[in-house]
Amino acid sequence: MIQVDESVAVVTNHDGQPISIDWRGSSYLASGAPVRWYARKSWWTEAGHAPKGIGPQLVETEMWRVRAHHESDGGVFELRHNLPEDEWKLVRII
Amino acid sequence: MEVGANNLVTGFAHLNFASAYSAHYGVNKPKQAVEFAKSLGFDALAIVDRDGLYGAVKHIGSCIENKIDPIVGVNLEVTDGISLGRVVILAHGHNRGAGWSSISRIISKAHQKKKNQSPSIARSELAELSQQEMANCTVLLGADSDVGQALLLDPARASRLADEWLNYFNTRGSLAIEVFTHLTEPGSKYSVEHARSLVSIAEYKKIPAVLTNAARYLQPDDALTADVLDSARYLEPLGIFLPQPNAQAWLKPAADMFSLALEITQQTRLAKKLISTTEQLVDRCRLDPVEDCDWGNPKTPERSLLGIEGNPFEVLWQKTHSAINSRYPDAKPSLVTEVQHQLSKELITINKLGFATFFLTVADVAQMIRDMRIRIAARGSGAGSLVNYLLGISHIDPISQGLLFERFLSTERSTLPDIDIDVESARRHDIYRSIFKRYGGDRVTLLSMQSTYRGRGAIRDSGMALGLDEDQIDQIAKSSWRFSAAGFRAALEMKPELARVASQVEKNRKLNLLVDLTQRLDRLPRHISMHPCGVILGDSRLLQLTPTEPSGLGLPMSQFDKDDMDPMGFLKLDVLGVRMQSTMAYAVREIERIESKQLDLDSVPTDDKDVFELIRTTNTLGIFQIESPGQRELTGKHQPTEFNDLTLQISLFRPGPMKGNMISPYLDGRHGFIQPDYFHPDLKPILEQSYGIVVFHEQLMKIMKVMTGCTLAKADELRRQMANPEASEKIQSYFKQSAIARGYQISVVNRVWKVLEGFGSFGFCKAHGAAFAFPTYQSAWLKTHYPAEFIAGLLTHDPGMYPKRLLLAEARRLGVYLLPIDVNKSTDEYRVELNKSEKAVRMALTEVAGISAPEVSRIIKYAPFIDLADFYKKARPSRKTITRLAALGALDSLAANATRGDLMQKIREITTKPAPRVNSTQQELNFNVVETLPTGNPQISTDEQIDYEVGLTGMDITGHLLDKYQPMLDSLGVSRANELSTLRGNTEVLIAGVRVATQTPPMKSGKRVVFISLDDSTGCADATFFDEAQKECADLLFNNRLLLISGKLRRTGKKGVSVLAENAWDLNRLWIKWERGERLAG
């Protein structure tokens, strides 16, 4: 397992599933069905506002596990999808 | 079936939603949830609160309103030696209440625990209560059950655990697997895999599986509120405990649920099966409120329990008619006709509404209370009913007092009326127990209430969740008592006194967050507790219709609150404990004991001149409702002469009329300073009693009736709606059109409407006022005719706002002699004794500081004592107690001719040895105390005696604290409180006394005004310190007991006076100077 924590460019299909990940100049293509889950955030240590209606992004963040390959390189990529910025981070490779 | 905007829901519904009534867990109230579910197109919704049906009635009510089917369940912990985790239990519907009653009994059983044990039910009991011949409930084993938990670690064990459940739950439909996922990290609890394993075990064991979302809020945004509630539940800041995994526990639309089914099962066939099994269970659990919960159908104890045979209405007719003679003795024929006419009118309404048994039930309880020889009085609008008067529920004659039945009950409203009864506070719990005994524990429970988050509580719990410093939270919470949590941020911007907090909030991230969290918690239920006075009475099915849990009293309490009573058709009685009732009951018992005669306080004439004479002196200390400084001042100005004046005075002295400046025009009219304005001759009979001012709801109703021609019942409906601005608009046009049609001038109509419109917040129900005025009159009657017994009652039951020593001063003023504490004569109550054929009050033992209840009861048990040794052996007082008793002179009767000093010395000697035990051989130690009492010690002086009394009982008993200063006061020319009313206005005066009350009411100007009441043994003198006068002496006003005040006399009415203060001094310091012969300055 390699901890990465870097911003990456991700292309998604119309269901929001990642289909390719651009990381350090290489494009990794997803294979198989990616898995999505939601991880918790500790909003009380970061947020300055939590008015009603702000949405779930203070509490949780969307996570993906995608099997992806570039030529012979590859593995299971764990991605964090930050909303509402729509920013992707590669957390680690398993 | 309703169709949503984009989705067609075909019978699928959420079977597991926890409402905000799952305290510190759920986020949304049932009404919100039902409306949300409806907007998503669902045709049913289940409420599944933790440990109870706390939100169930509100849920059903909202479902009926929104035309969807209610489903009710509970989330409970199950045990079998060890905890088996939490499960959901859903009641089946359309089975004539079998499901509802099963779930009620399951919950009641789960709450039958020792104190501080959380509710849970044994699996065997759950199995027994949820299945008879067939299943009445379905138990759902989900991720939090033992099976669900084991699936994560040890699937083989999960299989064995499932078999155990199957052993207990073998009827069809009694058990199901609850499948849900909150889309957590793969492999963890609540993950898709976890849900998938639940589907697999259901398939393998052939247990039906249903899909839910185990929802605890409606929308993802609410998850943040849930975090704060979790913190309040765990009593730990966020970050310390394991929080909810994410924000997925929301009420997802059907389409999302169907996708989840696919994601979990990964097979269309299994997903379809999961959904269709869910739909089947949904159908089985749809409740029919009427058939299953007996919704809205009034329930009363069975007739046989009320001693009724035959038609209840006929019984009511009989009972009320036969009471006319005793309630209206010697009435003129015209009055009898009026009474009969009114009675028929009321009986017709009661019969139409089908409430005859209800009235007979309340009458039965009232009779039971009277049979216990406990005082009872009706409070509130119920006093407006002649039926209540004739049944002995109320003691106020509604006809002579001009009260209206329609204000209490009418066919325009069909809800069970509230009849509130006041009883002696000291006997309230006895009454509860007797009600349980009389009607049986299966027909009675106490009422509960839900307290909700308001400003302070919300700030405290939000602050704790954020881990803020406790002092800091405290400081903010304290400064925030005038607004709701929801308005916190707005208040920060608006209120100048919050400027400091506001600037902190700007700079501090966490404080800023605190404001948002506080607003999120606003109005959410916090916890359930016993309602202070409500009792629910039902028939033998009561415990099948409501779950109960233990109350602090040990008696069972319903999980439903007062708002749930009407929908459930439960009869709620408010039995309110009132200390003044205990006081009066005690006084009456003392009168009967001392004078050996019977006294019926409820039937003394209400036009006794001497009573009003006493009230007019403003010496109203101890009299119900009119003893406060403000009421005393008003009494001086008002000078009441009859019962109705008391009703008016009590109704006027409230924040509404005071703010609306209604009191001055009323008084001006009364004293003839202005000509009352009656608007129109037709209104004169209605408004004459209050000099043209509309004081009572009843007056408004009558004006409506006269000017529009509507019925009184309709008039009351209109009155109720007037608070709503939209409705008020409609009522205005109705009023004006009808009045003009009836020939009233437009200018009159407009003027009257203006008054009626502004009346809303000021008006008072006259029946309430009269119900309050009755004990006011009764207590004044006792004070007038039996001052000793009344003072004894006041001292024993302490109903008022003043310290007891002021009551002693009042006793002295009334010429009631006070007898010191004496172990041979005192008890735990203030007894009236004949002292040289004069009535006197003996002080009670309980006033000695630090004396214990067992010491008091031993003294009462073994009294009288022969001598000190006898007392010491039998009463076994602690060293502190015997020393204090001796110092107070309570042992003087054991000391023959010895001085107090001698006695104290002896006690010091004997208490250095251990106290003798009754059964030990030490008892044989023969010391004849009297013979060996030392001699030569001085007798105690009166001043010393008073100092001891104040120190040890807080009261000056032997004399007044001011007595010793009298020579100085005389030489200074200080006026006595009772002389002030004879002096001219603007006279320069000096007053002195013990400070008994200090008030600093909030003023519009923002400047502080201090009101001080001084007691000088002749009465109370009131002084007012404005800004200027406070400069010299502000400290004294709050800290000193004995004060001398200079100022100008101000007359506030015929008998009312107060001192406009200029300066104040510490009486003790003056005394020291005076004794030294120094000149006193000023």
Task: Neighbour count above 12 (heavy atom, 6.0 Å) for Lys31(B) NZ - done: no

- [ ] Please round to the nearest 0.5 Å and tell me the distance separating atom CG of Leu183(B) and atom CD of Glu60(A).
- [x] 8.5 Å

Task: chain A interface, residue from Lys510(B), His182(B), Gln248(B) that has the most non-hydrogen pairs under 4.5 Å - done: Gln248(B)

Task: Residue selection (most heavy-atom pairs with chain B, distance under 4.5 Å) from Arg65(A), Met63(A), Lys41(A), Gln57(A) - done: Arg65(A)

Open item on the list: Has Arg40(A) got a side-chain atom pairing as donor or acceptor with Pro243(B)'s backbone, closer than 3.5 angstrom?
Closed with: no

Task: Smallest separation among heavy atoms of Asp221(B) and Gly53(A), with atom names - done: OD2-N, 2.6 Å

Task: Proximity breakdown for Glu62(A) and chain B, heavy-atom pairs closer than 4.5 Å - done: neither

TODO: Look up atom NZ in Lys52(A) and atom CG in Asp222(B), then write down how far apart they are to the nearest 0.5 Å.
DONE: 7.5 Å

Open item on the list: Is it true that, when you exclude Arg67(A) itself, more than 12 heavy atoms of the residues, nucleotides or ligands shown sit nearer than 6.0 Å to its CZ?
Closed with: no

Task: Pairing of Glu263(B) and Arg36(A) as salt bridge, 4.0 angstrom limit - done: yes

- [ ] Grab the two heavy atoms, one from Arg520(B) and one from Ile54(A), that are nearest each other, plus how far apart they are.
- [x] NH2-CG2, 3.9 Å

TODO: Measure from the side-chain N and O atoms of Asn246(B) to the backbone N and O of Ala39(A), and report whether any donor-acceptor pair falls under 3.5 Å.
DONE: no

Open item on the list: Taking side chain as everything from C-beta outward and backbone as N, CA, C, O, which of these in Leu517(B) sits under 4.5 Å from a heavy atom of chain A? Side chain, backbone, both or neither.
Closed with: side chain

Task: Contact summary for Asn512(B) and Gly48(A), nearest pair of heavy atoms - done: ND2-O, 3.3 Å

Open item on the list: Do Trp37(A) and Pro186(B) have side chains that approach each other closer than 4.5 Å (heavy atoms only, starting at C-beta)?
Closed with: yes

Task: Any Tyr38(A) side-chain heavy atom under 4.5 Å of Thr184(B) side chain - done: no

TODO: Among Ala50(A), Ala47(A), Ser42(A), single out the residue with the greatest number of heavy-atom pairs under 4.5 Å to chain B.
DONE: Ala50(A)

TODO: State the CH2-OG distance between Trp44(A) and Ser462(B), to the nearest 0.5 angstrom.
DONE: 14.0 Å

- [ ] Please state whether the side chain, the backbone, both or neither of Leu466(B) comes within less than 4.5 Å of a heavy atom of chain A.
- [x] side chain

Task: Segment of Asp227(B) engaging chain A (4.5 angstrom heavy-atom cut-off) - done: side chain

Open item on the list: Check this for me: Glu470(B), atom CD, are more than 12 non-hydrogen atoms of other residues, nucleotides or ligands nearer than 6.0 Å?
Closed with: no

